[in-house]
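Below is one structure, written out as structure tokens; comments come after it.
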Amino acid sequence: MNILRGIAVTPGVAIGEAVILEAAEYRIPHRMVASAEIEVELARLQEAFADSIEDVEKQANWLNAHLGRDAAQVFEWHIGVLRDAQLRTSIEKMVREQQVSAAHAVSTVMRNYQRRFMQMSDPLLVERIRDVQDIERRLLRHTLGEDREDLAHLKSPVVLIAHDLTPTQTAQLTATKVVGVALDVGAATSHTAILLRSWGRPGVIGLTDFSTRVSAGDTVVIDATNQLVIANPNESTLEEYRARAIRFDRLSHELDEMTTLPATTRDDEKIVLYSNIEFPREAAVGGARGADGVGLYRTEFLFLRPEGAPSEQAQYESYKEAIRGAKGGMVTIRTFDLGADKYTQERRYEQERNPMLGLRSIRYSLQNLDMFKDQLRAILRASVEGNVRLMFPLISSLMEFRQAKMTVYDAMEDLEEEGIVVKKDIPIGMMLETPAAAIQIKEFCREVSFVSIGTNDLIQYMLAVDRGNERVSQFYTPSHPAVLRVLRDVVRTCTKVGVGCSLCGEMAGQPLYTMFLLGIGMRELSMAPANIPEVKKLIRLVSIPQTQRVARRALTFDTERQVTNYLRDETRKLLPDDPI
Ligand code: PEP
Ligand code: MG
């Protein structure tokens, strides 16, 4: 058994055969072949080796001629591995004795090879893992040739293992038979994690090198509830997890009953629960899970379409679909939050040194005014379809907010001149995601219609921890006393001056923080639709004075660990059977 701990994105248990997704976007099936086909597979293998050697030789010659011998040397090592008779014999032996496809044998043997390098103490040899991966990929490309298999054609349920998934790959999971995901990289609030959450099945990320520890066809258990993945579990562990998966299903059915019940506390305080969506059709899904509307529509996911930047008309159609899907519920459209880990970097010739502190979000929109205006026009045109409000991401100064708001009025004027009706009194709000905005909340309250706290970014900027970096994820926590105090102060100021305040970071969907948030006066929470039933269940079990006591006590601790332990104890008292 190989057990690793990572970061959970959606709770639950998934059990299945591993499919490994290579960076080149094809998967290695664990395919058995009939005896009669073994020779075909061996011939395929021969050819793949010959073609790979030819490729690498060409590359090495070119490098030698253009950049010199040093540069070519690394490929000479690749040629050495590809010519290694022992390696080839082990792959052939596996095809023959275990009657599996050439691709499966290549993947298994090369992964064993990688594992050997991983265990070496010389750091230079450990570096060779990348080369081995490169060789494996090349061999697979030639072995699978034109019949490279993609996820859309899976016939039975599998667990997907990959080093990383791009947002595009993640978005495509919905239409596949993948039942769970394990990734080497990523952190809880990275955008891949957010997309995995909206996909809704168990996932564990930030596993460092899990993808090199498993081979296609291995049995893998994803225990997202306990943040674990297990490769090749023994029979008793497997039995235990089968039973857990059944228990988890039962709990999910119980939570389904929450859908039609109101989110009111025991003392009758109504809490507004919104959904966070990435795609317009999810507005209706949120409603079906019991949401009162959409608290955050991440419009930048429109860029996931193969055609790239969406036109004004395409955007208008999407916004209209979301608004209609919400059936009269509020839809909060956030203008593009591009930059940082979302899309713009990969299109740049030279990447920013610090993208999280770079040209992102509202800054990017204000420097690309044509694109920004197209978006505002589309939102304004769609605004007459229902209950819509608009907000800007990552506001860090009043000047910036004013400039963005002026652009909305400009777009409004243009539309009116063209005779197009818009909702002139559309509420215009801000996302509070920077410490500067939190400190100036009083001034902002004079100019904004509403505030939505984006804790994913606020925590990253307050604690100086990159939200997408698994190497520092242990430092990233909403439980930090400084974060709790800032949240309390922001809610207090907004409540005092009567400006609506909601919270739409991942924290809103974690039952661990529900009592604290209610206790400091938060009455609107926006979260992934999958989290709504459980948060609602908890809301229905508490009274406001009880949550105020919990919040007051949570605010007395000096360290994040004390806060987490305390909140966990309090939450478990109310939800003893739920994984917290
Ligand atoms: C946030 O930062 O909390 C937020 C909700 O926005 P995003 O996760 O899209 O950055
Ligand atoms: Mg954000």
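Throughout, residue positions are numbered sequentially from 1 according to the sequence presented. Computed from heavy atoms alone, side chains included, the values below leave out hydrogens, waters and symmetry copies. Whatever order the structure lists ligands and atoms in, that order sets their numbers, starting from 1.
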Heavy-atom neighbours of K327 NZ exceed 12 at 6.0 Å: no
R467 contact mode with ligand 1 (heavy-atom cut-off under 4.0 Å): side chain
Identified side chain to side chain contact (heavy atoms under 4.5 Å, CB included) partner of S396 from the options Q440, E433, R363: R363
Distance-only N or O hit between ligand 1 and R334, under 3.5 Å: yes
Polar side-chain atom of T176 near backbone of V178 as donor-acceptor pair, under 3.5 Å: yes
Under-4.0 Å heavy-atom contact with ligand 1, by part of D337 that carries it: side chain
Spacing of CG belonging to L567 relative to CZ belonging to F557, to within rounding of 0.5 Å: 8.0 Å
Test item: side-chain donor near acceptor, E312 and Y316, under 3.5 Å: no
Ligand-side contact atoms (ligand 1) for residue partner E433, heavy atom cut-off under 4.0 Å: 1 (C), 2 (O), 4 (C), 6 (O)
Residue R298 vicinity, atoms of ligand 1 by number, heavy atom under 4.0 Å: 4 (C), 5 (C), 6 (O), 7 (P), 8 (O), 9 (O)
Numbering as shown, the atoms of ligand 1 that approach C504 to under 4.0 Å (heavy-atom distance): 5 (C)
Aromatic F450 / basic R389 pairing, under 6.0 angstrom, 45° off normal: yes
For L296, atoms of ligand 1 separated by under 4.0 Å from a heavy atom: 5 (C)
Apex the Mg ion (ligand 2) - arms OD2 from D457 and OE2 from E433 - angle rounded to 10°: 100°
Contact (N/O only, under 3.5 Å) between D457 and ligand 1: yes
Ligand 1 contact on E506 by region, counting heavy-atom pairs under 4.0 Å: neither
Metal check, the Mg ion (ligand 2) vs D337 N/O/S, cut-off below 2.8 Å: no
Numbering as shown, the atoms of ligand 1 that approach M431 to under 4.0 Å (heavy-atom distance): 4 (C), 5 (C), 6 (O)
Among K442, R402, K405, the one residue meeting salt bridge (Lys or Arg N to Asp or Glu O under 4.0 Å) with E447: R402
Whether F444 and F401 hold their rings parallel, tilted or perpendicular, with breakpoints at 30° and 60°: perpendicular
